[in-house]
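A quick note: this is a predicted structure, and the numbers were derived from the prediction, not measured.
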Amino acid sequence: MSAKLIIVRHGEAAGNHERYFQGHADGAISARGELQLDALAARFESINFDAIYSSPLTRARQTADACNRRLQLPVNIDERLIEINGGVFEGVRWADLPQRFPEQAKLWDAQPWLFHPENGEAMTEVRERISQAILDIAAANDGKTVVITSHGCAIRNLICWAKNLPIERLNDVDWWDNTAMGVIEVTDGKPALLSENDNAHIAEGLSTFATQTWWKHPAGEMDFNG
């Protein structure tokens with residue numbers, strides 16, 4: 001049994017632009033994100049696929065719709081593709097997190113595999129649920145190509161798993177730009193990463209990462225200098 005899975009991070013949303021922890025917050029795509037989705041849709045004009053799955057959050061569903069403009073397939077919603085639940089981190093600006101929640105903020109940056117905010121989700125839980133979702137989706141789509149739209153932290157955990165790295169190596173996995181793509185092939189329940197963080201369809205002026213520097217830091221997303 002084998003399936004080819006095209007993983008896509010959602011287009012830029014308010015939290016990406018305004019630099020706050022979005023997690024389960026269900027904000028829509030930003031103005032620049034809409035342009036990113038147009039570029040993504042243009043790329044998918046030449047990509048054929050058989051099924052499409054999305055996180056339930058609006059930003060991921062809008063991204064799925066962009067991938068699906070030509071084919072207009074039914075979009076399957078899988079709750080396990082959702083972003084990490086940040087608990088008390090939700091809606092807080094990144095610059096404010098080290099002061100408000102110093103212990104968990106340091107874990108997010110330096111030891112993310114130990115991250116578990118109050119009223120939120122443990123990083124280990126994110127990895128477990130999204131990897132199981134991928135295995136289930138692959139098993140249900142044997143011989144097919146499937147598009148999956150999800151989120152930055154969830155995808156980072158997924159790629160760590162697909163590289164057969166322990167979660168303690170999470171900081172060795174790059175963050176993806178908004179609407180970046182990657183391909184995982186799952187054969188008999190075993191993942192193989194074929195490509196990652198491909199944002200070739202995004203001109204530099206549309207790239208979210210081109211306007212930010214946090215993603216260049218090897219430890220992770222937190223900018224302790226504000």
Side-chain angles (χ1 to χ4, degrees), residues 7-34 36-37 53-64 77-133 148-161 167 170-171 173-180 208-209 211-215 217 219-226:
I7 313 299
V8 184
R9 188 185 180 195
H10 64 78
E12 182 187 276
N16 305 117
H17 176 64
E18 299 172 18
R19 302 295 298 129
Y20 63 81
F21 196 109
Q22 0 189 42
H24 282 194
D26 200 15
I29 294 292
S30 69
R32 178 163 53 197
E34 293 284 1
Q36 292 172 349
L37 293 189
Y53 289 73
S54 173
S55 151
L57 296 179
T58 299
R59 57 191 184 272
R61 295 178 67 175
Q62 288 181 273
T63 303
I77 302 301
D78 192 320
E79 296 284 341
R80 297 171 297 176
L81 301 174
I82 201 170
E83 183 58 294
I84 188 171
N85 181 349
V88 294
F89 273 44
E90 296 275 342
V92 179
R93 294 184 65 84
W94 286 103
D96 297 333
L97 287 168
Q99 289 74 42
R100 292 187 58 180
F101 310 105
E103 181 178 348
Q104 286 296 321
K106 288 178 181 178
L107 289 177
W108 174 275
D109 188 62
Q111 296 177 292
W113 55 93
L114 298 177
F115 179 73
H116 191 175
E118 183 180 353
N119 300 326
E121 185 177 19
M123 192 69 74
T124 51
E125 294 173 325
V126 179
R127 176 172 169 132
E128 181 178 355
R129 65 166 164 81
I130 196 165
S131 59
Q132 189 58 56
I148 295 171
T149 59
S150 187
H151 306 266
C153 180
I155 289 174
R156 198 179 188 215
N157 277 276
L158 176 61
I159 298 305
C160 187
W161 169 79
I167 195 170
L170 190 58
N171 276 345
V173 178
D174 290 336
W175 290 93
W176 286 17
D177 203 355
N178 290 107
T179 70
T208 302
F209 278 10
T211 68
Q212 300 170 357
T213 60
W214 63 262
W215 56 275
H217 304 162
E221 180 158 359
M222 196 75 66
D223 181 355
F224 284 98
N225 298 316

Between the CZ atom in Phe101 and the CG atom in Asp96, the distance rounded to the nearest 0.5 Å is 10.0 Å

Sorted by chain and number, sequence neighbours left out, ring pair (Phe, Tyr, Trp, His ring centres under 6.0 Å) with Phe115 holds for Phe89, Trp108

Closest non-hydrogen contact found for Ile77 with Ser55 is CD1-O, 4.0 Å

#### Entry: Side-chain H-bond candidate by donor/acceptor type, Ser54 with Thr149, under 3.5 Å
yes

The side chain to side chain donor-acceptor pair (under 3.5 Å) partners of Asp177 (sequence neighbours excluded) come to Asn199, Ser207

All heavy atoms of His151 vs all of Ile82, minimum pair found to be CD2-C, 3.7 Å

Just by modelled atom types, is the Glu12 backbone N or O under 3.5 Å from a matching donor or acceptor in the Ser30 side chain? yes

side-chain contact (heavy atoms from CB on, under 4.5 Å) filter on Leu107, not counting sequence neighbours, yields Gln104, Gln111, Leu114

In this structure, CZ of Phe21 is separated from CD1 of Ile84 (nearest 0.5 Å) by 5.5 Å

On a heavy-atom basis, the closest approach of Ala13 and Ala28 is CB-O, 3.5 Å

| said: Please check this pair: side chain of Gln22 against backbone of Gly15, looking for a donor-acceptor N/O pair closer than 3.5 Å. | reply: yes

For Thr124, the side chain to side chain donor-acceptor pair (under 3.5 Å) test, sequence neighbours excluded, returns none

Sorted by chain and residue number, the salt bridge (charged side-chain N to carboxylate O under 4.0 Å, His left out) partners of Glu90 (sequence neighbours excluded) come out as none

Could you go through the side-chain contact (heavy atoms from CB on, under 4.5 Å) check for Asn16 and Arg9 one step at a time?
-> CA-CA 12 Å; Asn16 305 117; Arg9 188 185 180 195; 3.3 Å; yes

So salt bridge (charged side-chain N to carboxylate O under 4.0 Å, His left out) across residues 119-129, not counting sequence neighbours, yields Glu121-Arg129

| Got a donor-acceptor contact below 3.5 angstrom from the Asn119 side chain to the Val88 backbone? | no

query: Has the side chain of Arg156 got a donor or acceptor atom that lies under 3.5 Å from a matching backbone atom of Val173?
result: yes

Value for SG (Cys160) from CG (Leu170), rounded to nearest 0.5 Å, stands at 5.0 Å

The complete set of side chain to side chain donor-acceptor pair (under 3.5 Å) pairs with one or both residues in residues 78-87, sequence neighbours excluded, reads Asp78-Arg80, Arg80-Asp136

CH2 of Trp176 to CG of Leu158, rounded to nearest 0.5 Å, is 7.5 Å

Distance col, row Asn157:CG vs Met123:CE, nearest 0.5 angstrom, shows 5.5 Å

Those residues at least two apart in sequence (or on a different chain) that pass side chain to side chain donor-acceptor pair (under 3.5 Å) with Ser131 are none

For Ala105 and Leu97 the tightest heavy-atom approach is CB-O, 3.9 Å

Between Gly86 and Pro117, the two heavy atoms sitting closest are O-CG, 3.3 Å

Sorted by chain and number, sequence neighbours left out, side chain to side chain donor-acceptor pair (under 3.5 Å) with Thr179 holds for His201

Between His10 and Asn178, the two heavy atoms sitting closest are O-ND2, 3.1 Å

query = Is there side-chain contact between Leu81 and Ile130, with at least one heavy-atom pair below 4.5 Å?
reply = yes

Gln62 side chain vs Ile29 backbone, donor-acceptor pair below 3.5 Å:
yes

